[in-house]
Amino acid sequence: MIKIYKIKGDSMLPEYKNNDYLVVLRLFKENFIKKNRNTVFFHSKLGLLVKKISSVNYKEKSFYVSGNNNLSIKSKMLGKINFSQIEGFPILHIKSLN
């Protein structure tokens, strides 16, 4: 299954910018969860986010993320993300016209 998400904010600049769209694959296997891969996930306090995976612990089924620039929320603030929080992985990036 796929879903389309709209980027809000600049934490993933220069890769993704505000108002870009991501087509996200929601059905995936555990081996999709890799360092340096972008993921869309649900954070309990901040809602839906897109970040780059910075490290993975397969035994604990968790990972840490980071943004692409200094405007992004720091990894320590986000904490450990569980595999169950993943919404999916971007398969197509649609750039906004503005």
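Not measured: the values here are computed from a predicted model.
Nearest heavy-atom pair across M12 and K52 is CE-N, 4.0 Å. Shortest non-hydrogen contact noted between E15 and H93 is O-CE1, 3.1 Å. For the pair L48 and F42, the tightest heavy-atom approach, listed with the atom from each and the gap, is N-CD1, 4.0 Å. Nearest heavy-atom pair, S66 versus S54, reported as atom, atom and distance to 0.1 Å: OG-CB, 4.1 Å. Across all their heavy atoms, T39 and G88 have their closest contact at OG1-O, 3.1 Å. Heavy-atom minimum distance, N82 versus S62: OD1-CB, 4.0 Å.
Atom-to-atom distance recorded for I94:CD1 and Y16:OH is 11.5 Å, nearest 0.5 angstrom. Atoms CD1 and CD1, on I91 and I2 in that order, are 5.5 Å from each other to the nearest 0.5 Å. If you take CG on N68 and CG on D10, they are separated by 11.5 Å, rounding to the nearest 0.5 Å. For the atom pair NZ of K17 and OG of S11, the computed distance is 15.0 Å after rounding to the nearest 0.5 Å.
Within the 3.5 Å criterion, the main-chain N or O of I53 finds no donor-acceptor partner in the side chain of N38.
No more than 12 heavy atoms of other residues, nucleotides or ligands lie within 6.0 Å of OH in Y21, so this atom counts as exposed by the packing criterion. Taking a 6.0 Å sphere around CG of N70, one finds it holds 12 or fewer heavy atoms contributed by other residues, nucleotides or ligands. Heavy-atom neighbours of K74 NZ from other residues, nucleotides or ligands within 6.0 Å: above the threshold of 12.
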**OP:** Could you walk me through whether K61 and E30 pass the side chain to side chain contact (heavy atoms under 4.5 Å, CB included) test, one step at a time?
**Re:** CA-CA 9 Å; K61 295 192 179 283; E30 194 171 289; 2.6 Å; yes
Original post:
Going through the checks in order, is the side chain to side chain contact (heavy atoms under 4.5 Å, CB included) test met by I86 and I33?
Top reply: CA-CA 9 Å; I86 296 174; I33 306 168; 3.6 Å; yes
Subject >> Chi angles and distances behind the side chain to side chain contact (heavy atoms under 4.5 Å, CB included) call for F83, V56 >> reply: CA-CA 10 Å; F83 287 7; V56 181; 4.0 Å; yes
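Note: the hydrophobic cluster containing I81 does not contain Y64 (ILVMFWY, side chain heavy atoms under 4.5 Å, direct or indirect links). By the rule that hydrophobic residues join a cluster once side-chain heavy atoms approach within less than 4.5 Å of another member, I73 and Y5 end up as members of separate clusters. Clustering ILVMFWY residues whenever any of their side-chain heavy atoms sit less than 4.5 angstrom apart, transitively, puts L13 in a cluster other than the one holding L46. By the criterion of side-chain heavy atoms lying less than 4.5 angstrom apart, applied directly or through intervening Ile, Leu, Val, Met, Phe, Trp or Tyr residues, L92 is not grouped with V50; the two fall into different hydrophobic clusters. Linking ILVMFWY residues whenever their side-chain heavy atoms come closer than 4.5 Å, directly or via other members, leaves M1 and L25 in distinct clusters.
Side-chain N/O atoms of S96 and K6 include no donor and acceptor closer than 3.5 Å.
The aromatic rings of F89 and F28 lie perpendicular to each other, with more than 60° between the two planes, well past the 30° mark. Between F63 and F41, the ring-plane angle classifies as perpendicular under the 30° and 60° cut-offs.
Under 4.0 Å is where a charged nitrogen must lie from a carboxylate oxygen, and between R26 and E87 at least one such pair does.
Between K51 and L78, the closest side-chain pair of non-hydrogen atoms falls below 4.5 Å.
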